[in-house]
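Accompanying notes for the structure given below.
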Amino acid sequence: MKTFEKIFITLALLFAITTQSQTTDWNLINSQNALDMISIQNSNPAISTSYGSQVVQMGSNNNADLQLNAKTNIVIQQLGDQNSIYFNNSFSTKESKSAITTQGNNNIIDITGTNSISEGLHLNIKSDNKTIFMRNY
């Protein structure tokens with residue numbers, strides 16, 4: 001073996017020994033843990049939307065109808081069945097950063113427009129059969 005190969009193998013072994021193994025007990029992971037991690041990850045819309053808009057839907061028959069301008073960053077999470085989100089700020093040129101989470105069944109959220117009050121909106125719905133209409137002009 002060449003000296004370079006010996007040094008590389010030695011460094012690789014030292015790195016492997018010093019790294020920690022995964023400490024997650026896979027038997028304890030369930031849907032609620034996953035929801036908690038998503039919630040923690042997206043607790044700050046300014047941080048969580050820094051890479052563009054994201055839509056996560058877990059359940060059946062969920063709908064997200066988004067009409068966005070180029071400056072909109074939004075995080076949508078629908079957890080449950082038969083949830084609908086309608087978000088429209090395509091007629092505005094303002095920047096918008098928002099996060100909307102629904103956890104439950106048969107919820108409808110209809111948001112139109114963007115203004116200074118709705119900037120940084122973080123809406124959490126944890127219920128069934130709720131309808132929210134929000135108009136921002």
Side-chain angles (χ1 to χ4, degrees):
M1 266 190 180
K2 296 179 183 176
T3 306
F4 176 74
E5 290 175 353
K6 290 179 183 177
I7 293 172
F8 179 76
I9 291 172
T10 304
L11 289 175
L13 288 173
L14 286 174
F15 177 74
I17 292 171
T18 59
T19 58
Q20 294 182 0
S21 64
Q22 184 172 342
T23 59
T24 303
D25 184 357
W26 291 103
N27 294 325
L28 297 177
I29 294 178
N30 58 38
S31 60
Q32 187 58 49
N33 296 14
L35 297 178
D36 291 341
M37 291 305 295
I38 290 171
S39 177
I40 290 168
Q41 180 181 11
N42 294 320
S43 63
N44 184 347
I47 294 171
S48 61
T49 60
S50 62
Y51 298 108
S53 298
Q54 302 171 9
V55 177
V56 175
Q57 296 179 321
M58 297 170 60
S60 300
N61 301 317
N62 291 318
N63 178 45
D65 184 5
L66 309 175
Q67 297 174 7
L68 311 174
N69 68 27
K71 295 180 180 178
T72 298
N73 290 328
I74 188 167
V75 173
I76 302 285
Q77 298 174 19
Q78 295 188 103
L79 313 166
D81 299 325
Q82 315 237 336
N83 294 304
S84 294
I85 294 178
Y86 307 101
F87 187 91
N88 182 351
N89 78 334
S90 61
F91 300 109
S92 172
T93 58
K94 296 181 180 178
E95 181 180 21
S96 176
K97 293 185 179 182
S98 303
I100 301 170
T101 302
T102 60
Q103 184 176 350
N105 300 309
N106 199 33
N107 294 305
I108 299 171
I109 299 172
D110 185 353
I111 300 174
T112 300
T114 302
N115 61 19
S116 60
I117 296 172
S118 65
E119 174 57 29
L121 173 72
H122 191 186
L123 183 62
N124 285 322
I125 307 299
K126 290 185 178 182
S127 188
D128 295 329
N129 306 311
K130 299 294 180 197
T131 300
I132 295 174
F133 293 104
M134 182 184 296
R135 300 296 179 253
N136 303 304
Y137 298 111

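Source: prediction; values computed, not measured.
- Applying the side chain to side chain contact (heavy atoms under 4.5 Å, CB included) criterion to S60, with sequence neighbours excluded, gives D81.
- When all heavy atoms of S53 and L68 are compared, the pair lying nearest together is OG-CD1, 3.8 Å.
- Between the CD1 atom of I74 and the CZ atom of F87 there is a distance of 4.0 Å, given to the nearest 0.5 Å.
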Notebook entry, point to check: Could you go step by step and tell me if Y86 and I108 meet the side-chain contact (heavy atoms from CB on, under 4.5 Å) rule?
Noted result: CA-CA 8 Å; Y86 307 101; I108 299 171; 4.0 Å; yes
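- For the side-chain contact (heavy atoms from CB on, under 4.5 Å) with I100, the qualifying choice from I111, V55, V75 is I111, the only one to do so.
- Considering only residues two or more places apart in sequence or on other chains, T114 meets the side-chain hydrogen bond (donor to acceptor under 3.5 Å, both in side chains) condition with N89.
- Put simply, CG on L121 and NZ on K97 are 14.0 Å apart, with the number rounded to the nearest 0.5 Å.
- S118 and S98 get closest at one heavy-atom pair: O-OG, 4.1 Å.
- Under the side chain to side chain contact (heavy atoms under 4.5 Å, CB included) criterion, N129 pairs with N106, not counting sequence neighbours.
- Tested against I132, the residues I125, N107, I85 include a single side-chain contact (heavy atoms from CB on, under 4.5 Å) partner, I125.
- By the side-chain hydrogen bond (donor to acceptor under 3.5 Å, both in side chains) test, Q67 pairs with N88, sequence neighbours left out.
- Summarising the geometry of N62 relative to Q78, their closest heavy-atom pair is CB-NE2, 3.8 Å, with the distance given to 0.1 Å.
- Residues satisfying the side-chain hydrogen bond (donor to acceptor under 3.5 Å, both in side chains) criterion with N69, sequence neighbours excluded, are T72.
- Annotation: the span from Q77 atom CD to N124 atom CG amounts to 8.5 Å, rounded to 0.5 Å.
- Side-chain atoms of N105 never come within 3.5 Å of backbone atoms of Q82 as a donor-acceptor pair (strictly under, hydrogens ignored).
- A distance of 8.5 Å separates CD1 in I109 from OG1 in T101, rounded to the nearest 0.5 Å.
- Atom-to-atom distance recorded for N136:CG and T112:OG1 is 8.0 Å, nearest 0.5 angstrom.
- Taking each heavy atom of S96 and E119 in turn, the nearest pair found is CA-OE1, 3.5 Å.
- Residues meeting the salt bridge (Lys or Arg N to Asp or Glu O under 4.0 Å) test with D110, sequence neighbours left out: R135.
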